[in-house]
Amino acid sequence: MELLMQQLFNGLTIGSVYALVALGLTLVYGILHIPNFAHGALYMVGGYITLIMMTEAGLHYILAMVVSICVVGLLSVLMERLVFYPLRHSPPIQDKVAAIGILLFLEALAQFIWGADYRQMSTPFGQVVEVFGLTLTLQRILIVFAAIAVMILLYWFLKKTFTGRTIIAMAQNREGAQLVGINTHKVAILTFFIAGALAAIGASLTSPINLVFPGMGHLVILKAFVIIIIGGMGSIPGAILGGYILGFTESLGATYLSADYKDIIAFVLLILILSIKPQGIFSKGGV
Amino acid sequence: MNVLTNKKVIISLLIVLGIVFPFIIPNLYYLHIMTLAFIWTIAVYGLNLLAGYTGYLSLAHGGFFAIGAYVIGILTVKLEMGFWLSFLLAPLVTMFIGLIIGLFALRTKEHFFAIYTLCVGYIIYLVIDKWEGLTGGVRGLIGIPLPEAIGPITFQSPTAQYYLAFFIFLLVVAVIYRIVHSLTGRTFIAIRNSEDLALSLGISTKRNKLLAFVLSTFFAGLAGAMYAGFIRFIGPEIAYTTITFDLLTYMIVGGIGTFAGPIVGTFLIVIISQNLQFLQDYRMLIFGPLLTLLIIFSPRGIVGFIQMQLYQRKRKKQESLAYKNREEETNAGG
Amino acid sequence: MLEVKGLTKRFGGNVAVKSVDYSVQQGKINAIIGPNGAGKSTFFNLITGVHEPTEGTIIYKNEEITRQPANVIAKLGVARTFQSTHLFEMSTVKDNVIVGHRLRTKSNLFDSIFRTRRLKEEEQQCIAKAEESLDFVGLSHVSDQLVTNISQEEKKRVAFALALATDPEIVFLDEPTAGVNPDETDEMAKLIQKMADKGLTICLIEHKMPMIMQLAHHIMVLNYGEKIAEGTPAEIQKNEEVIKAYLGGTVSA
């Protein structure tokens with residue numbers, strides 16, 4: 001029972017991070033219909049910036065995270081302006097290749113600047129606490145609460161502010177949004193910034209319990225894709241729900257099935273889903 | 001016609017160059033690099049057939065390459081079968097696995113297909129990495145034998161291996177040329193342009209997409225088997241996405257959907273990388289942005305760019321000729 | 001020749017086509033008109049196998065083709081064009097059209113790799129067919145140009161040539177003159193007439209009323225997915241309900 005509770009909590013932590021990364025991916029997909037393979041690289045850069053700000057500039061963990069959010073957000077915007085914007089009328093295969101190009105570049109760059117070794121990130125929240133008989137680190141609790149706070153904030157922004165609503169409007173109907181006078185460039189830039197910021201938050205939160213290395217984004221991004229396919233490409237609640245479902249499945253699978261193959265769970269899940277429903281679970285039927 | 005743009009002349013020159021290469025540059029290291037380049041090119045041709053001609057970007061190609069390599073590895077090392085029989089079986093087994101995966105993967109389109117195949121690639125990697133009993137896990141498979149002698153021809157020397165790879169390479173290029181320039185190739189291209197249009201023209205897109213997919217895995221498996229036979233050691237890293245992305249880079253730089261693209265891209269990058277040894281781990285610092293820039297400014301790579309230039313020159317020439325003729329006519333009339 | 005009965009298509013909760021009975025008159029120019037969103041394109045897509053109907057039957061030459069896929073229907077002699085042309089811009093006009101005759105050939109991968117006699121013969125056959133079709137639509141002079149360098153109207157003609165290369169008996173044209181200027185529209189109308197004169201059965205969707213009224217022998221009017229009228233151009237022009245459907249605008253425009 002205690003093991004189960006422990007694993008459920010682990011699932012909650014992993015799921016929170018997955019949800020954050022998947023949210024960014026799904027927002028970008030909703031707006032521009034680009035599967036942004038470079039999103040995992042943004043996640044990785046986010047981890048590194050926070051780490052470097054702490055070790056080189058001596059910033060506090062939280063401050064370092066803020067810097068990371070800004071840097072990665074801007075990097076994401078830069079990507080949109082320099083690459084995806086010029087490709088907006090091209091066949092879809094070109095977006096994908098361009099995104100892969102960026103991914104390869106950012107990974108090589110990280111390895112060039114920061115080396116290939118796995119690095120540990122310290123955290124001021126390393127204490128161990130007991131909650132309901134469970135032994136938890138403060139960092140894990142922080143991950144869960146911070147992620148939920150970010151999601152609530154994002155939800156409030158998208159639903160209650162004018163700018164947020166334009167993002168939703170554009171995700172639903174691009175031409176329509178243009179017709180009613182929404183500045184689609186501005187919305188795209190903003191969306192990419194948010195996506196980058198979410199990736200940075202996710203990476204910074206999880207790095208103290210995992211490790212920072214150039215390939216750290218690989219599995220996460222792929223799982224984020226699985227999540228948004230499960231949750232419906234472009235759907236925000238879908239990304240959150242999918243993130244937690246995958247988090248729980250993985251942590252339970254690792255305990256009760258096989259720790260070696262836990263990373264396979266997500267991919268097998270996706271392959272099963274797409275084999276049965278080639279357009280994803282929540283595709284609009286008919287056409 | 002200009003001698004330099006005459007295809008037959010160029011092709012003959014390249015074949016002669018391939019034959020005399022070991023004599024001009026009797027350097028074992030370069031021989032090794034060239035042999036590898038032949039092998040990579042074959043894999044890239046497989047990818048190009050599917051992504052370039054049929055329009056389905058598979059990100060599992062490295063995985064199929066690895067399956068080919070591991071099939072020959074397992075057959076020779078674990079089951080102690082002969083090299084040639086295993087070599088024959090490797091691409092066929094890869095193709096069979098490709099057929100089963102293709103049946104499901106091809107139900108998806110565009111982005112879904114790319115993500116689906118990326119996941120397939122990861123699963124192949126994870127299975128190879130974790131299934132120690134079969135694949136040797138992270139330790140890999142060591143001691144893949146040399147090809148047995150065929151009559152008087154032995155394959156012990158690097159030069160002999162070079163010629164073997166070169167021979168298979170030429171064969172593959174010829175086969176691909178025929179596929180691409182036949183009704184089969186035209187059918188693939190029609191699907192890439194528009195599946196709806198292809199269907200309305202009576203083309204069974206399902207069957208032809210599967211054919212392209214299976215062919216592409218065949219060439220990936222063949223290249224993998226050649227790699228395993230040449231390097232004689234394989235580890236799970238050959239199944240990682242890095243290989244897929246390398247192959248993708250070769251294809252895009254050379255020219256996706258062009259016939260000469262895979263050769264141009266692979267040899268160019270392999271040779272440049274060798275000359276920039278210090279870059280090895282960081283080669284993507286250059287090739288990553290190159291990939292992105294090319295896809296923005298010349299989506300059909302180097303070969304596509306040259307083709308366009310040649311075409312425009314020809315067109316201008318024709319126009320000025322037509323203009324001259326008109327002028328002469330008016331002069332004659334006036 | 002081609003007959004539909006009770007044809008219905010629902011997308012989710014929306015009914016795009018609602019139990020339409022219709023028969024295409026052989027050797028004639030049949031037109032389907034109706035306001036935007038009347039379900040004309042869906043109707044085409046149902047007949048040509050792009051979508052599966054929810055209800056109803058489609059019979060072509062005494063054979064039911066209701067749930068056949070598009071490629072099978074094409075082989076039976078039903079060709080179509082699309083509103084947008086979908087050609088490969090970086091290839092020549094002729095190269096684009098050659099594949100149009102692929103459905104009448106049998107060469108497979110084996111033939112391609114070994115360049116068998118069958119392949120060579122069938123390739124010649126496809127090339128000849130492409131040249132013939134391009135000649136028919138009046139594009140022989142641009143057959144070696146890249147598609148990207150020809151005009152919009154010429155691209156439309158290439159799409160016609162592609163449809164003709166399939167050796168059809170009936171051709172469905174989805175807005176053949178969309179995006180084409182008035183002079184060129186007349187030329188396209190002549191081409192359609194020429195196709196009919198050759199013995200082809202034509203069925204087209206159009207918005208340009210004057211052209212339809214001149215060209216068509218028989219017109220069906222769809223509104224909100226339902227057939228509201230059917231008849232000769234003269235009958236349609238007088239039909240009260242049709243005039244109402246076009247919101248008071250006169251049909252003869």
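All chains are named by letter (A, B, ...) in the order of the sequence lines, taking the proteins before the strands, and each is independently numbered beginning at 1.
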Relative to chain C, which segment of B/Leu215 carries a heavy atom at a distance below 4.5 Å: side chain, backbone, both, or neither? side chain
Heavy-atom distance under 4.5 Å between the side chains of C/Val99 and B/Ile189, does that happen here? no
Those residues that, when tested against C/Lys106, pass side chain to side chain contact (heavy atoms under 4.5 Å, CB included) (two or more places apart): C/Arg118, C/Glu122
Interatomic spacing from CD1 in C/Ile113 to CD1 in B/Ile176 - rounded to 0.5 Å: 8.5 Å
Tell me, for C/Thr166 versus chain B, whether the close heavy atoms (under 4.5 Å) come from the side chain, the backbone, both or neither. side chain
Would you find more than 12 non-hydrogen atoms of other residues, nucleotides or ligands less than 6.0 Å from C/Lys194 atom NZ? yes
Does any backbone or side-chain atom of C/Asp95 lie under 4.5 Å from a heavy atom of chain B? Answer side chain, backbone, both or neither. both
Against chain C, label B/Tyr177 side chain, backbone, both or neither, depending on which of its atoms sit under 4.5 Å from a heavy atom there. neither
When heavy-atom pairs shorter than 4.5 Å are enumerated against chain C, which of B/Leu211, B/Val175, B/Thr187 gives the highest number? B/Thr187
Side chain, backbone, both or neither: which part of C/Leu76 has a non-hydrogen atom closer than 4.5 Å to chain B? neither
Between C/Phe82 and chain B, with a heavy-atom cut-off of 4.5 Å, which part of the residue counts as in contact: side chain, backbone, both or neither? side chain
Where on C/Arg102 is there a heavy atom nearer than 4.5 Å to chain B: the side chain, the backbone, both, or neither? side chain
For the atom pair CG (B/Leu183) and NE2 (C/His101), what is the distance rounded to the nearest 0.5 Å? 10.0 Å
Side chain to side chain contact (heavy atoms under 4.5 Å, CB included) between C/Asn149 and B/Arg315, worked out: CA-CA 11 Å; C/Asn149 292 325; B/Arg315 194 155 171 256; 3.6 Å; yes
Portion of C/Ser91 that has a non-hydrogen atom of chain B nearer than 4.5 angstrom: neither
Could you measure the distance from the CG atom of C/Leu119 to the OG1 atom of B/Thr184? Nearest 0.5 Å is fine. 7.0 Å
Looking at C/Asn108, C/Thr105, C/Leu162, which makes the most heavy-atom pairs under 4.5 Å with chain B? C/Leu162
Can you pull out the residues in residues 197-210 of chain B with any heavy atom less than 4.5 Å from chain C? B/Leu197, B/Leu199, B/Ser200, B/Leu201, B/Gly202, B/Ile203, B/Ser204
Side-chain contact test, heavy atoms from C-beta onward, threshold under 4.5 Å: evaluate it for B/Met308 versus C/Leu146 and give yes or no. yes
C/Glu89 versus chain B, heavy atoms under 4.5 Å apart: side chain, backbone, both or neither? neither
